[in-house]
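Taking it in order: structure first as structure tokens, then the write-up.
Count residues from 1 along the sequence.
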Amino acid sequence: MTDARAAILARVRHALGREPGQAPAPRPQPGAIAVQEAQDLERRLVERLASTGVSLMPLHSREEIPAAVTRYREQHGLDGPIAVPPALAALDWHGQPVVFGSARPDHALAVGEAFAAVAATGSLALLADPQHPPRLAFLPEHHLLVLSRRRLLANLERLWVLLAEERRDSEAIHLVTGPSSTADIGGQLLYGAHGPRAVRVLLTP
């Protein structure tokens, strides 16, 4: 190293208040800082979901899920069968055209269950296993996702910790951040290009 270069680097270190050989401290992630300061994961999640185009419906209990699905169908004029995962088969679906299992091409509406949600990004974590068939999240145009308030996480790092703690055996983990969309054609934003064009979270206790 030349004397001139060494002198320049010395002045830079002095301006930064660092000693020779001292590495800079790692910067914390801005998203994680914002969530920790707010200490309100639900509010942060609602903001992030809205920014990604996901609507939210708070429920008082899981027993209200079938009625919430009925209201959604009526609001959007959806007919035909509803794809429901085996994990939600114990709910009272009496009178509704539900099909338990994976989604089919004739399903315009599917109900799913999120393993958790990341408040910092508004991402919904979905597991793929026999109780939660993965096609539910990608084939129908409308996707309703059940999410428990107890599953709200500050950041993505907490998701991997929770998965390890619960030792969940899943074929895959899908992170859904908003409805499927693309602007490849003419720069015009279109929904439903590669998956659901509408996503709603049913937030339960």
Taking the six-membered ring for Trp, is the centroid-to-centroid distance between F138 and H174 below 6.0 Å?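 Centroid distance F138-H174: below 6.0 Å, so yes.
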
| said: As a quick check of understanding, evaluate side chain to side chain contact (heavy atoms under 4.5 Å, CB included) for I65 and W93, giving each step before the final call. | reply: CA-CA 9 Å; I65 293 173; W93 298 99; 4.1 Å; yes

Backbone of [Y] reached by a side-chain donor or acceptor of [X] within 3.5 Å:
| X | Y | value |
| --- | --- | --- |
| S123 | V176 | no |
| H107 | A103 | no |
| E166 | L162 | no |

What is the distance from atom [atom1] of [X] to atom [atom2] of [Y], rounded to the nearest 0.5 Å?
| X | Y | atom1 | atom2 | value |
| --- | --- | --- | --- | --- |
| R104 | L139 | CZ | CG | 10.0 Å |
| S170 | H132 | OG | NE2 | 9.5 Å |
| R48 | L45 | CZ | CG | 10.5 Å |
| W160 | N155 | CH2 | CG | 12.0 Å |
| L88 | L144 | CG | CG | 11.0 Å |
| L163 | R168 | CG | CZ | 8.0 Å |

In the structure I gave you, are the side-chain heavy atoms of R73 and H142 within less than 4.5 Å of one another anywhere?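 No, every pair of side-chain atoms sits at 4.5 Å or beyond.
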
message: Are P196 and E141 packed together at the side-chain level, in the sense that at least one heavy-atom pair is separated by less than 4.5 angstrom?
response: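 P196 vs E141: side chains apart.
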
**OP:** Decide yes or no on side chain to side chain contact (heavy atoms under 4.5 Å, CB included) for V84 and V99, but give the supporting numbers first.
**Re:** CA-CA 6 Å; V84 176; V99 177; over 6 Å; no

Contacts table for residues 198-205: side-chain donor-acceptor under 3.5 angstrom, sequence neighbours left out:
| unit_1 | atom_1 | unit_2 | atom_2 | d |
| --- | --- | --- | --- | --- |
| R200 | NE | S55 | OG | 3.0 |
| T204 | OG1 | L147 | O | 3.4 |

Group every Ile, Leu, Val, Met, Phe, Trp and Tyr by side-chain heavy-atom contacts under 4.5 Å, then state whether [X] and [Y] land in the same group.
| X | Y | answer |
| --- | --- | --- |
| L124 | V111 | no |
| L56 | V69 | no |
| L91 | L145 | no |
| L136 | V146 | no |

If I compare all heavy atoms of [X] with all of [Y], which pair ends up nearest, and what's the gap?
| X | Y | result |
| --- | --- | --- |
| A68 | L59 | CB-CD2, 4.0 Å |
| L78 | A108 | CD2-CB, 4.5 Å |
| P58 | R149 | CB-NH2, 3.8 Å |
| P179 | G53 | CG-O, 3.6 Å |
| G80 | P97 | O-CG, 3.5 Å |
| P85 | P133 | CB-CD, 4.1 Å |

Please evaluate residues V161 and R158 with respect to the criterion side chain to side chain contact (heavy atoms under 4.5 Å, CB included), reporting the C-alpha separation (whole Å), side-chain torsions for both, the decisive distance (0.1 Å), and the verdict.
CA-CA 5 Å; V161 173; R158 285 295 308 160; 3.3 Å; yes

State whether a side-chain donor-acceptor pair under 3.5 Å links T52 with T177.
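No pair is found: no donor N or O on one side chain lies under 3.5 Å from an acceptor on the other.
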
Item checked: Salt bridge flag under 4.0 Å for residues E113 and R151 ->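 Here E113 does not pair with R151 in a salt bridge, since their nearest N and O are not under 4.0 Å apart.
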
Check: Can you name the side chain to side chain contact (heavy atoms under 4.5 Å, CB included) partners of P130, sequence neighbours left out?
Finding: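 With sequence neighbours excluded, P130 shows a side chain to side chain contact (heavy atoms under 4.5 Å, CB included) to no residue whatsoever.
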
Point to revise | Residue list, side chain to side chain contact (heavy atoms under 4.5 Å, CB included) with A164, at least two apart or on another chain | key: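 Expected list: none.
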
TODO: With side chain to side chain contact (heavy atoms under 4.5 Å, CB included) as the test, would you mind laying out the steps for L156 and T121 before giving the verdict?
DONE: CA-CA 8 Å; L156 190 59; T121 61; over 6 Å; no

